[in-house]
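Please read these numbers as outputs of a predicted model, since none were measured by experiment. Convention: sequence-line order gives letters A, B, ...; per-chain numbering from 1. In what follows, every heavy atom counts, from backbone to side chain, and hydrogens, waters and symmetry copies are set aside.
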Protein chains: 2
Amino acid sequence: MQQITIKALARELQLSVSTISKALRDSHEISEATKRRVLQLAARLDYKPNPYASSLRGRKSRNIGIVIPEVADSFFSLAINGIAAVAKEKGYHSIICLTHEDNKDEQAILKDFQSGRVDGVLMSVSGTTENGAHIRALMDHGVPVVLFDRVLPDVPAPKVVTDDAASAGNATRLLLKNGCRQVAFLGLSPRLSISADRLSGYESALREAGHRPLAKNVLCCDADAHRNLLAIKRLLRRKDRPDGIVAAVEKLAPLVYQACNELSLRIPQDVKVICFSNLEIAGMLQPSLSTVTQPAFEMGAKAAGLLIKLMAGKRVEMEVVVGSGIVGRGSTGGSGKLPNRTFPNDTGSN
Amino acid sequence: MQQITIKALARELQLSVSTISKALRDSHEISEATKRRVLQLAARLDYKPNPYASSLRGRKSRNIGIVIPEVADSFFSLAINGIAAVAKEKGYHSIICLTHEDNKDEQAILKDFQSGRVDGVLMSVSGTTENGAHIRALMDHGVPVVLFDRVLPDVPAPKVVTDDAASAGNATRLLLKNGCRQVAFLGLSPRLSISADRLSGYESALREAGHRPLAKNVLCCDADAHRNLLAIKRLLRRKDRPDGIVAAVEKLAPLVYQACNELSLRIPQDVKVICFSNLEIAGMLQPSLSTVTQPAFEMGAKAAGLLIKLMAGKRVEMEVVVGSGIVGRGSTGGSGKLPNRTFPNDTGSN
DNA sequence: TCTTTCTACGAAACCGGTTTCGTAAATAAA
DNA sequence: TTTATTTACGAAACCGGTTTCGTAGAAAGA
């Protein structure tokens, strides 16, 4: 239990704690001979400096907070890897906090972060978050924040997003091209940028094709899978039911499949489906799922890079847009089995 | 940037820092009137105590470390939720660290944890870990550890596991029952308990049915998906190729599907497949995937509960076994479309 | 030789809480 | 009324590092 402290090293070597500290930090004030002795003993005793003591004195934690709705989502798990890779390289630890799509949890986490626990925060807001007051409050306390993917318009923080509107438009156009007459849109809270932007891309594509966007074809889902399933089934039981679905978040795809299954609707014959998703196994679903695939790892890495600059006091671009790609597979019908991949339309500014 | 410290509160209220601290911690030494004043001001200024200062003085961090191979795995993401739920309730923060199945990363993380960063560790070891020396080293430094799912025999820490051998045996028997003549087993490193135990369950089931377990039908995979895919294809290209596959970890399922697809082998007609997995969308794969499903959330919660007891200095049971269930679906052929679910054979000792 | 400049180290303050201990004033017991 | 006890608070030590500042002795310059 008794940790090996710097004091123990000092006693052992008959040196002062300040000398040990300086030696460990390779200060020029310490002779090479002494440094060697200190380093050797530290290695032998497997000494690890207490991070809390360092944080306290240095007034920085070398921790970054990652605040996301959940981890069981391939976009977020890939983004985490991107973030962690950059953070680790720069000597930062990542603290992952999950909101479970609950704004109350999100607020509590950001409140906690006012304590100085982290030097900066990367976040993707929850589906129940109405505005960015809690994020601004954190920023007012001097904690830099970078938003990625799910951003909010009223937060003056740098943002890393994909070309949501364009991608949703492309997805919608693919469905229309493949014969859909009535395309529905499944999103989350319209307060979320990804919902709003993807919705507007969907609407533009409809208008462009001479269709009128209809409110009844737009469904706002939430974190309750069961309720979402019921809503989707209600949508698909309508007499004038949609024959195409653009789903804006990954977790909705299985629900659409399940709903179709339970209602004996065939994909893609009766309903064509495309979903924003990074699922590796999209191609092995029944039928294989067409997706809008985001560069999740790169977005995480980019966001982490921005945050690190920000924490160093540098100025950074306020919006980075990276392109997503569409992978057409079985669920959108069309040209057959081969995936017709469109390349990311890279409108990025990095 | 300037955090609100306890000193600021003291100055504002013309009290000493010790009085503020005691008031905030509801000490009996402080009058109700003073407590009220302090609490009010703290609330008004949105004061949050610096966790590092508290940790330093109290010599405990109220953090628990979660060390797992990856997060893009439904077992682990569910387990995290179970852990976090319990931890949060007990006032602990969770620090998630990913090893990416790399023993070097795992060692580095545990080394870091010797610093006092966490009060206890929950872990599921990486696929490249050969032994538990690094875990024992951490424990020798007084940090309690609880292993879950992927455990090692040579670590004297409490373990939370499923009935791996029994479940793998059941999975194998299901394949045999459905007509397989030659069942292969895909695992990770045989050093891992889950690989070894599941393998032995598979072998027992084979012997029980009068088959001889063959080394050529056992494949040890690793973290390299491409290499794994090649190995699986090699297995399935053999003249006497297996007609059944038991896959011991979730990430192998898509690879088996892909290999069959590329080799034009039909599931379940040519090859029947069952996999240890918690994937929600297993039922929507092409064909739907039969699974051995573990109670991931409960395992995480149970492990966290044990760790918390351990950190409180209590003694706990050294091994908790919880049952897994088999969900038979399309990939194992057999009785048709309806999933034939076996209930978890609960041999748990909790 | 005497002064100046390094070199190499130690003492002590500091980060922001927590806790022990001491104490003045108020209250209770003798 | 005197003594004992309780109440309510402040001073200071402490956690384990980091950093500033001071200085003895050696080396270099005058």
Side-chain angles (χ1 to χ4, degrees), chain A residues 1-39 41-42 45-63 91 112 114-119 141-142, chain B residues 1-39 41-42 45-63 91 112 114-119 141-142:
Chain A
M1 187 60 214
Q2 74 303 358
Q3 298 284 344
I4 297 130
T5 71
I6 219 171
K7 218 172 290 180
L9 300 187
R11 199 178 321 113
E12 181 81 12
L13 292 177
Q14 300 280 49
L15 289 170
S16 74
V17 290
S18 44
T19 301
I20 304 289
S21 177
K22 290 173 192 166
L24 290 172
R25 321 197 84 237
D26 201 27
S27 160
H28 65 91
E29 300 185 14
I30 305 299
S31 72
E32 290 305 320
T34 304
K35 280 182 191 170
R36 248 196 315 280
R37 289 177 63 213
V38 172
L39 265 344
L41 183 65
L45 297 187
D46 215 8
Y47 165 78
K48 294 285 160 188
N50 182 314
Y52 301 130
S54 309
S55 293
L56 186 56
R57 169 64 216 226
R59 295 155 143 272
K60 53 186 162 44
S61 65
R62 297 206 72 78
N63 283 149
D112 177 61
Q114 287 185 9
S115 66
R117 186 184 293 280
V118 296
D119 296 340
H141 279 259
Chain B
M1 188 60 214
Q2 75 300 359
Q3 299 284 345
I4 298 131
T5 70
I6 218 171
K7 218 171 288 179
L9 300 187
R11 200 178 320 114
E12 181 81 12
L13 292 177
Q14 300 280 49
L15 289 169
S16 75
V17 290
S18 44
T19 301
I20 304 290
S21 177
K22 290 172 192 167
L24 291 171
R25 320 196 87 238
D26 200 26
S27 160
H28 64 91
E29 302 186 15
I30 304 299
S31 71
E32 290 305 319
T34 304
K35 279 182 191 171
R36 247 195 315 280
R37 289 177 61 212
V38 172
L39 263 346
L41 182 66
L45 297 187
D46 214 9
Y47 166 78
K48 294 283 160 189
N50 183 315
Y52 301 129
S54 310
S55 293
L56 186 56
R57 169 66 216 226
R59 293 156 146 272
K60 53 185 162 43
S61 64
R62 296 205 73 77
N63 282 148
D112 177 62
Q114 287 185 9
S115 65
R117 186 183 294 280
V118 296
D119 296 340
H141 279 258

Measuring from atom CZ of A:Arg37 to atom OG1 of A:Thr19, what distance do you get when rounded to the nearest 0.5 angstrom? 10.5 Å

So, taking the atom named CG in B:Asp46 and the one named NE2 in A:His141, what distance separates them when rounded to the nearest 0.5 Å? 5.0 Å

If the cut-off is 4.0 Å, is [X] near the phosphate of [N], judged by side-chain N/O to OP1 or OP2?
{"X": "B:Arg59", "N": "D:dC14", "answer": "no"}
{"X": "B:Arg25", "N": "C:dT19", "answer": "yes"}
{"X": "B:Ser54", "N": "C:dG17", "answer": "no"}
{"X": "B:Ser18", "N": "D:dA12", "answer": "no"}
{"X": "B:Thr19", "N": "D:dC9", "answer": "no"}
{"X": "A:Ser21", "N": "D:dG17", "answer": "no"}
{"X": "B:Arg57", "N": "D:dA13", "answer": "no"}
{"X": "A:Thr34", "N": "C:dC9", "answer": "yes"}
{"X": "A:Tyr47", "N": "D:dG17", "answer": "yes"}

Less than 4.5 Å apart, side chain to side chain, heavy atoms only: is that true for A:Ile20 and A:Tyr47? no

Less than 4.5 Å apart, side chain to side chain, heavy atoms only: is that true for A:Leu41 and A:Glu12? yes

Nearest-angstrom distance from the residue atom [atom1] of [X] to [atom2] of [N]:
{"X": "B:Arg62", "N": "C:dG17", "atom1": "CZ", "atom2": "P", "result": "17 Å"}
{"X": "A:Asn50", "N": "C:dG16", "atom1": "CG", "atom2": "C1'", "result": "14 Å"}
{"X": "A:Lys7", "N": "C:dA11", "atom1": "NZ", "atom2": "P", "result": "13 Å"}
{"X": "B:Leu13", "N": "D:dA8", "atom1": "CG", "atom2": "C1'", "result": "15 Å"}
{"X": "A:His28", "N": "C:dT5", "atom1": "NE2", "atom2": "P", "result": "18 Å"}
{"X": "B:Gln14", "N": "D:dC9", "atom1": "CD", "atom2": "C1'", "result": "14 Å"}
{"X": "B:Ile6", "N": "C:dC15", "atom1": "CD1", "atom2": "C1'", "result": "13 Å"}
{"X": "B:Arg11", "N": "D:dG10", "atom1": "CZ", "atom2": "P", "result": "15 Å"}

For DNA chain D, whose closest nucleotide is more 5', that of B:Gly58 or that of B:Ser16? B:Ser16

Base, sugar-phosphate, or nothing for A:Ile20, non-hydrogen atoms under 4.0 angstrom? nothing

Is it true that a side-chain atom of [X] and a backbone atom of [Y] form a donor plus acceptor pair closer than 3.5 Å?
{"X": "B:Ser21", "Y": "B:Val17", "result": "no"}
{"X": "B:Arg62", "Y": "B:Gly91", "result": "yes"}
{"X": "A:Ser61", "Y": "A:Arg117", "result": "yes"}

Between C:dG16, D:dG16, C:dT20, spot the one nearest the side chain of A:Thr5, thanks. D:dG16

5' precedence on DNA chain C between A:Val17 and A:Lys35 (nearest-nucleotide basis): A:Lys35

Let me test you: for the helix from C:dT1-D:dA30 to C:dA30-D:dT1, what is the angle between the axes at its two ends (five pairs each), rounded to 10 degrees? 50°

Between A:Asp26 and A:Lys35, does any side-chain N to carboxylate O distance fall below 4.0 Å? yes

Side-chain-base donor-acceptor pair under 3.5 Å for A:Lys22 and D:dG17: no

